[in-house]
Protein chains: 2
Amino acid sequence: MARPLKFSPEPLLDKAADLFWRQGYEATSVQDLVNELDLHPGSLYNTFGDKHALFMAALDRYAATTGCRIPDLLHQPGSGRRAIERVFQMSVDLLSAKEGRRGCLITNTAMECADHDAEATRKVATYQQTMEDALTDALNRARTNGEIRPRTPEEIRTLARFLNGCLQGMRVLAHSGPDARARLEATAQVALGALD
Amino acid sequence: MARPLKFSPEPLLDKAADLFWRQGYEATSVQDLVNELDLHPGSLYNTFGDKHALFMAALDRYAATTGCRIPDLLHQPGSGRRAIERVFQMSVDLLSAKEGRRGCLITNTAMECADHDAEATRKVATYQQTMEDALTDALNRARTNGEIRPRTPEEIRTLARFLNGCLQGMRVLAHSGPDARARLEATAQVALGALD
DNA sequence: GCGATTTTTGAATGATCAATCAAAAACCTA
DNA sequence: TAGGTTTTTGATTGATCATTCAAAAATCGC
């Protein structure tokens with residue numbers, strides 16, 4: 001019977017995701033991770049494999065937790081239009097807060113790593129597809145409920161892509177300095193106007 | 001009389017900007033820069049100071065060259081609406097190309113560095129302000145020319161912020177994998193619809 | 001040719017990096 | 001207690017990092 005693990009790996013993935021989110025992948029050293037996770041180097045490598053594998057696991061963990069909030073909200077039965085409006089309002093509030101200035105881990109990863117890390121690229125593409133599908137679902141419900149004017153399925157998909165583009169832009173603007181809130185609110189307001 | 005410089009620094013800033021654009025700041029080593037600029041380490045430090053200073057100079061160079069194209073186009077006398085339309089079309093084309101997948105250096109910098117590099121944060125904020133002002137100028141011309149319906153100055157500024165938010169989102173979507181073009185086109189199409 | 005000045009060269013420096021590894025520790029069974 | 005297995009520990013390893021520095025080189029004026 002072998003020695004048991006002294007810790008549970010899942011909560012450590014949350015901590016690692018938080019650190020990568022704050023600092024970026026390249027700027028986060030294994031020693032930073034060792035400190036943050038309160039692990040010894042051998043344990044970290046034994047459990048997660050290596051730095052990149054830990055990053056991948058942390059991204060998956062983030063996508064399954066924080067990253068699900070918006071798609072889940074959009075998929076909830078009920079008013080599709082209300083769901084979209086709530087997602088935008090929530091994004092303005094979160095991205096305006098001090099903590100929100102770091103944006104979104106997956107969007108940050110797209111910009112930092114996705115051009116030379118094939119696995120990260122796949123995760124980013126999956127995430128964008130998930131967002132687009134959730135917005136499409138909400139828009140279809142809105143159309144069925146008469147909350148937006150009739151549109152073809154193609155038009156619905158185009159609108160979903162646009163709304164996702166706006167949300168991604170808001171994540172960039174979260175990093176834009178003291179005027180971020182005004183920019184976020186303006187983007188959200190006009191974007192929601194496209195529902196009319 | 002001292003020994004003259006063997007090279008001209010300005011074109012080297014273009015090369016450095018190109019490398020940082022492709023790889024990101026942290027993932028680009030001084031040895032990478034030495035190779036790319038065809039300089040020896042001492043010359044690089046003697047001329048530019050250190051890695052960070054070179055990055056700052058490269059950002060300024062980018063902002064003064066490539067980064068000016070969109071604001072210059074928007075400020076050109078003539079149809080404000082046409083200028084905005086051209087900027088969006090140009091962005092779709094550039095960001096869809098193989099080379100365009102790396103997005104925009106300043107947007108990438110915002111996501112990678114701006115949260116822990118005060119100087120980079122300032123440059124990013126300046127850039128966002130420049131974009132917003134140029135869009136505002138084009139929108140004001142469009143309103144004066146009767147190309148868009150009348151709006152208050154506040155509404156014009158809101159619309160400019162929204163359009164910039166969309167452009168920033170497109171730069172994120174440039175990194176989103178094989179479906180990027182469709183996403184870029186959808187975002188641009190609906191965003192331009194907001195002019196009506 | 002010498003002196004003064006600045007630039008180039010690229011090896012060297014000390015720090016930091018990601019990762020390894022051997023010994024000790026923790027568990028169970030016989 | 002011994003044996004088997006896995007985990008923990010943390011010092012060590014070899015590579016890479018950003019930067020420095022002394023000697024050689026390039027220029028001009030005397």
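What you see is a predicted model, and the numbers here were worked out from it, not measured in a lab. Letters go in sequence order (proteins before strands), and every chain restarts at 1.
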Under 4.5 Å between side-chain heavy atoms, hopping through other hydrophobics if needed: is there a path connecting [X] to [Y]?
| X | Y | answer |
| --- | --- | --- |
| B:Leu163 | A:Val92 | yes |
| A:Leu59 | A:Met111 | no |
| A:Leu167 | B:Leu184 | yes |

Derivation and outcome, side-chain contact (heavy atoms from CB on, under 4.5 Å), residues B:Leu195 and B:Arg81: CA-CA 8 Å; B:Leu195 297 179; B:Arg81 183 173 182 130; 3.8 Å; yes
Any residue of residues 109-117 of chain B with a heavy atom less than 4.0 Å from an atom of DNA chain C: none
Mutual orientation of the aromatic rings belonging to B:Tyr25 and B:Phe20 [parallel < 30°, tilted 30-60°, perpendicular > 60°]: tilted
Check: B:Thr47 and B:Phe7 side chains under 4.5 Å, non-hydrogen atoms: yes
Pair B:Glu147, B:Ser79: side-chain N/O donor-acceptor within cut-off below 3.5 Å: yes
Qualifying salt bridge (Lys or Arg N to Asp or Glu O under 4.0 Å) pairs with a residue from residues 32-45 of chain B, counting only residues at least two apart or across chains: B:Arg22-B:Glu36
Could you give the [atom1]-to-[atom2] distance, from [X] to [N], as a whole number of Å?
| X | N | atom1 | atom2 | result |
| --- | --- | --- | --- | --- |
| B:Phe48 | D:dA18 | CZ | C1' | 16 Å |
| B:Asp50 | D:dC17 | CG | P | 16 Å |
| B:Arg3 | D:dA23 | CZ | P | 17 Å |
| A:Leu5 | D:dT7 | CG | C1' | 7 Å |

Members of residues 31-47 of chain A that approach DNA chain D, where some heavy atom sits under 4.0 Å away: A:His40, A:Pro41, A:Gly42, A:Ser43, A:Asn46
D:dT7 OP1/OP2 closer than 4.0 Å to side-chain N/O of A:Lys6: no
Of all the choices, [options], which nucleotide is nearest to the side chain of [X] once you look at every atom?
| X | options | value |
| --- | --- | --- |
| A:Val30 | D:dT8, C:dA18, C:dT8 | C:dA18 |
| A:Phe7 | C:dA19, D:dT8, C:dT6 | D:dT8 |
| B:Pro4 | D:dT6, D:dA18, D:dA26 | D:dA26 |

Other residues, nucleotides, ligands: >12 heavy atoms within 6.0 Å of A:Arg82 CZ: no
